[in-house]
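Keep in mind that the numbers below use all heavy atoms, side chains included, and drop hydrogens, waters and symmetry copies.
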Amino acid sequence: LLPLGQVLLSGEGRSRTLTAWSSSLLRDVPMGAVQIAVFELLKAYLVASPSFGSFNGLPAEAAFGAIGGLIGAVITTPADVVTTRIMTRGG
């Protein structure tokens, strides 16, 4: 545990931690935005559409969330790869 603390408190450790944190933030904010936007668009469209029947309930909302998560993950995967490489980079 002590060597980990020494690495984190060193100049390089702080720099890498800040870089990893900022790249995580640049990945997570767009992911959340895309997921919520897709969820709300699907919900608004399908719940209001008379041709699709009843899409108002927990299974429908779970499906909307899964689709939103899928699309968000596909869009933000390159940023996730960069974050993972920064965090696992040997120093």
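Sorted by first then second residue, the salt bridge (Lys or Arg N to Asp or Glu O under 4.0 Å) pairs that include residues 69-78, not counting sequence neighbours, number zero. Sorted by first and then second residue, the salt bridge (Lys or Arg N to Asp or Glu O under 4.0 Å) pairs involving residues 18-32 (not counting sequence neighbours) are Arg27-Asp80.
Legend: residues meeting side-chain contact (heavy atoms from CB on, under 4.5 Å) with Val38, ordered by chain and number and at least two apart, are Val34, Leu42, Ile67, Ile71. Remark: Val29 engages Leu25 in a side-chain contact (heavy atoms from CB on, under 4.5 Å) (not counting sequence neighbours).
When all heavy atoms of Thr76 and Gly72 are compared, the closest pair comes out as OG1-O, 2.8 Å.
The hydrophobic cluster containing Phe64 does not contain Ile36, counting ILVMFWY residues as joined when their side-chain heavy atoms lie under 4.5 angstrom apart, directly or transitively.
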